[in-house]
Amino acid sequence: FFVCMCAYVRACMCGMMQIREDITQHGIRIYPSGYDPEDEAEKTLADSIDALIPFGVVGSDRVVKVGSKEVYGRQTRWGVVEVENKDHCEFSQLRDMLIKTHMQDLKEKTDKVHYESFRRQRLQQHHEQASKYTGESNI
């Protein structure tokens, strides 16, 4: 069992390194890149988050029995992958990053960047449709 899990972990690490290379090579921006920590504790947290990207996440809505406890997880031929176990899955770190440490930043980016972009596109489309009916072409 242990040898199989070690081989699985090595394969995952190789996959993560390849994904990181692809992200860098193609200039893909990943949230929370560009995050500017204000103090040393935030910088340490930001560095630990950057080290986890891309997150290795396993999701499950099924409860499985592990020893004497029941946990959310997936049964594989190597054993159970527990969603909340930091040794098995990085779901809890991803959740903590999004909910506990970066929620306000996410709200602001959603409002200022994504919503405004959506709003601008919709106004542009509305103006273009109105121009068709009136024959005007200036924007």
Side-chain angles (χ1 to χ4, degrees):
F1 171 75
F2 181 72
V3 173
C4 290
M5 286 302 284
C6 288
Y8 177 74
V9 169
R10 276 195 303 275
C12 289
M13 293 302 292
C14 289
M16 287 179 67
M17 289 188 304
Q18 180 62 51
I19 292 170
R20 285 182 185 155
E21 288 174 18
D22 288 348
I23 288 169
T24 303
Q25 179 182 357
H26 297 288
I28 299 170
R29 294 185 323 163
I30 303 278
Y31 183 84
S33 65
Y35 176 68
D36 190 23
E38 295 177 8
D39 61 21
E40 193 59 37
E42 285 187 24
K43 181 176 180 353
T44 303
L45 177 64
D47 290 344
S48 69
I49 289 170
D50 286 344
L52 291 172
I53 294 174
F55 288 93
V57 176
V58 174
S60 178
D61 60 352
R62 296 203 175 150
V63 176
V64 293
K65 193 163 186 150
V66 176
S68 62
K69 64 180 183 173
E70 291 186 340
V71 297
Y72 285 105
R74 288 186 183 240
Q75 180 71 48
T76 69
R77 61 183 170 177
W78 299 286
V80 174
V81 179
E82 299 174 39
V83 172
E84 294 285 334
N85 185 332
K86 290 181 180 182
D87 293 331
H88 296 188
C89 173
E90 294 164 347
F91 172 77
S92 57
Q93 291 100 319
L94 176 62
R95 180 193 59 219
D96 291 349
M97 181 202 65
L98 293 174
I99 304 296
K100 294 180 181 177
T101 61
H102 289 78
M103 180 58 79
Q104 187 60 37
D105 185 52
L106 274 170
K107 286 179 181 178
E108 290 172 7
K109 277 199 184 347
T110 299
D111 182 50
K112 290 182 172 68
V113 177
H114 302 295
Y115 176 72
E116 285 302 318
S117 174
F118 168 78
R119 183 176 161 274
R120 200 173 318 114
Q121 286 176 342
R122 295 302 254 180
L123 288 171
Q124 176 92 21
Q125 289 171 349
H126 178 71
H127 181 74
E128 289 170 359
Q129 288 176 347
S131 297
K132 287 179 187 177
Y133 292 115
T134 61
E136 297 175 12
S137 62
N138 59 352
I139 295 179

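- Considering only heavy atoms from C-beta on, Glu116 comes within 4.5 Å of Arg119 through its side chain.
- Residues Val80 and Gln75 share a closest heavy-atom pair of CG2-OE1, 3.1 Å.
- Listed for the Arg74 side chain is a donor-acceptor partner under 3.5 Å among the backbone atoms of Gly59.
- Listed for the Ser131 side chain is a donor-acceptor partner under 3.5 Å among the backbone atoms of His127.
- Using a 4.5 Å cut-off on side-chain heavy atoms (C-beta onward), Val64 and Val71 make contact.
- Closest approach of Asp87 and Asn85 over heavy atoms only: N-OD1, 2.8 Å.
- Closest of all the heavy-atom pairs between Ser60 and Gly73 is OG-O, 2.7 Å.
- Atom CZ of Phe55 sits in a crowded spot, with more than 12 heavy atoms from other residues, nucleotides or ligands closer than 6.0 Å.
- Within the 4.5 Å cutoff, no side-chain heavy atoms of Met97 are placed close to those of Glu90.
- In this structure, a donor-acceptor pair under 3.5 Å is present between the side chains of Glu128 and Gln124.
- Of all heavy-atom pairs spanning Ile28 and Asp22, the tightest one is CD1-O, 4.4 Å.
- Side-chain contact check for Arg20 versus Pro54: some heavy-atom pair is nearer than 4.5 Å.
- Closest heavy-atom contact between Val83 and Val58: CG2-O, 3.5 Å.
- Pairing each heavy atom of Glu84 with each of Arg95, the nearest pair is OE2-NH1, 2.9 Å.
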